[in-house]
Amino acid sequence: MFILSVLGMLPGTAFALAPADGLFIGTEPARLPIYHPRTQSQLQDGEGWQRFIDSEGTGWLARFDEGTGTPHRAWGPGIPLGPLETEAQVETALRDFFARQPELIEVSLDDLVLDRAGYIARTNTWYVDFQRVVDGVPIYRSGITARIKHGNLILLGVDTHPAADWLATSPEIGEELAISQAIDLGPAPQA
C-alpha cells in the first residue's frame, strides 16, 4: 500500500514511456475516428443524407466522418444495382449509383479509379474498392469501399477527403531522393 501511495505522489510524466527511435512495431499510425453524438445527429439531418434516405436509402444508417461530412460507413437494406456478373458491370453500376447520389461521395467521378473488385461465389458478394486520385495521383488511404450482395448494395465506406483537391501533385524532389527519404524517415523503415 505504501508503494501505491508513493507512486500516486509522482508527477504524471514518471509513467510516460517513449519508444526508442529504432523501434519498429510493424504498423503505421492509424487515425481513430471519434464520433460525437450531437455532430452525428446534425450530419444525419443534413440535406444530402436526407435526400439519399428519401430516394434510394430508406432504412440506411451511417457513421459520418466529422471532418468531411461524408458517411465514413453506411449500411442498410440492399439497394438493387441490377445483374452483376463482371467487374465492368459492377464498376458501371456503382458509378451510376454515385452519379445519382453525389452528396455521398463529394468528389467528381473522374477522381475515382477502380482499385479492385473481387467476387465470392459462395456468398454471392462483390468486394469493391475505388481509389481517390487528384490529377491522376493516388491520395493515400482515400477512396470508397462497397459491398454488394446478391446484386444489392449493402455497405458503403466513403473516405474521399473532398478537401484534398488543393494538394500539389507536381513532384518537388526527384524519385531517388523521395525513395531514400521514405525509407529513412517513414513509419515503416524496412519497407
Side-chain angles (χ1 to χ4, degrees), residues 25-82 84 87-134 137-167 187-188:
I25 59 173
T27 62
E28 64 200 45
R31 178 178 159 241
L32 299 175
I34 297 173
Y35 302 113
H36 300 92
R38 181 178 179 174
T39 305
Q40 291 294 311
S41 179
Q42 290 170 340
L43 291 168
Q44 284 184 351
D45 292 339
E47 203 175 299
W49 181 253
Q50 287 305 308
R51 194 171 21 260
F52 167 66
I53 294 297
D54 291 341
S55 60
E56 296 180 84
T58 302
W60 274 56
L61 302 172
R63 287 280 184 245
F64 292 88
D65 181 324
E66 295 180 6
T68 65
T70 57
H72 175 65
R73 293 294 177 266
W75 62 94
I79 297 171
L81 297 180
L84 305 171
E87 187 176 299
Q89 290 174 333
V90 169
E91 180 178 9
T92 299
L94 283 171
R95 285 186 179 278
D96 289 347
F97 172 77
F98 299 149
R100 291 190 310 269
Q101 303 295 340
E103 63 277 350
L104 295 181
I105 62 172
E106 293 293 331
V107 297
S108 166
L109 291 176
D110 296 335
D111 289 348
L112 297 175
V113 175
L114 182 65
D115 188 30
R116 66 184 133 233
Y119 178 70
I120 306 297
R122 179 176 49 84
T123 59
N124 193 9
T125 305
W126 283 94
Y127 294 82
V128 186
D129 292 307
F130 286 87
Q131 173 74 51
R132 165 84 196 281
V133 297
V134 172
V137 177
I139 305 300
Y140 183 67
R141 286 193 170 181
S142 182
I144 297 174
T145 189
R147 301 297 176 263
I148 303 167
K149 193 169 183 94
H150 301 288
N152 297 300
L153 179 65
I154 60 168
L155 178 128
L156 194 62
V158 181
D159 295 307
T160 53
H161 307 295
D165 288 337
W166 61 267
L167 289 174

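Predicted, not measured: the structure shown is a model, and the values here were computed from it.
- We find the OH-CD1 distance between Tyr119 and Ile148 to be 11.0 Å, quoted to the nearest 0.5 Å.
- With Trp126 as the partner, the side-chain contact (heavy atoms from CB on, under 4.5 Å) test is satisfied by one option alone out of Leu81, Val90, Ile120: Val90.
- In this structure, Asp65 CG and Gln40 CD are separated by 9.0 Å, a value rounded to the nearest 0.5 Å.
- When all heavy atoms of Glu103 and Gly48 are compared, the pair lying nearest together is CG-O, 3.2 Å.
- Annotation for Leu153 and Trp60: closest pair O-CZ2, 3.3 Å, computed over non-hydrogen atoms.
- Annotation: side chain of Glu87 is not in contact with side chain of Arg116 (no heavy-atom distance under 4.5 Å).
- Here CD of Gln42 is found 9.0 Å from CD of Glu66. Values are rounded to the nearest 0.5 Å.
- Closest approach of Ala74 to Trp49, counting heavy atoms only: CB-CH2, 3.9 Å.
- Heavy-atom minimum distance, Thr123 versus Lys149: O-NZ, 3.5 Å.
- Considering only heavy atoms from C-beta on, Arg73 comes within 4.5 Å of Asp159 through its side chain.
- Counting only heavy atoms from C-beta outward, the side chains of Leu94 and Leu112 never approach each other to under 4.5 Å.
- With values rounded to the nearest 0.5 angstrom, Thr58 atom OG1 is found 7.0 Å from Ile53 atom CD1.
- A salt bridge is absent between Arg132 and Asp115; no separation between the charged side-chain nitrogens and carboxylate oxygens falls under 4.0 Å.
- Minimum heavy-atom separation, Phe64 to Tyr35: O-CE2, 3.4 Å.
- Interatomic distance, Gln101 CD to Leu156 CG, rounded to the nearest 0.5 Å: 10.0 Å.
- Counting heavy atoms from C-beta outward, Phe97 and Leu104 have side chains that approach closer than 4.5 Å.
- For the pair Gln44 and Ala62, the tightest heavy-atom approach, listed with the atom from each and the gap, is NE2-O, 3.3 Å.
- A donor-acceptor pair is defined here as one N or O able to donate and one able to accept, closer than 3.5 Å; such a pair exists between the side chain of Thr160 and the backbone of Ile105.
- In this structure, Asp111 CG and Ile139 CD1 are separated by 8.5 Å, a value rounded to the nearest 0.5 Å.
- By the 4.5 Å heavy-atom criterion applied to side chains, Phe130 and Leu109 are not counted as neighbours.
- Side-chain contact between Asn152 and Ile79 is absent, with no heavy-atom pair separated by less than 4.5 Å.
- The main-chain N or O of Ala88 is found under 3.5 Å from a side-chain atom of Thr92 such that the two form a donor-acceptor pair.
- Between Arg147 and Trp75 the shortest side-chain heavy-atom distance does not fall below 4.5 Å.
- At a threshold of 4.5 Å between non-hydrogen side-chain atoms, the residues Leu114 and Val128 count as touching.
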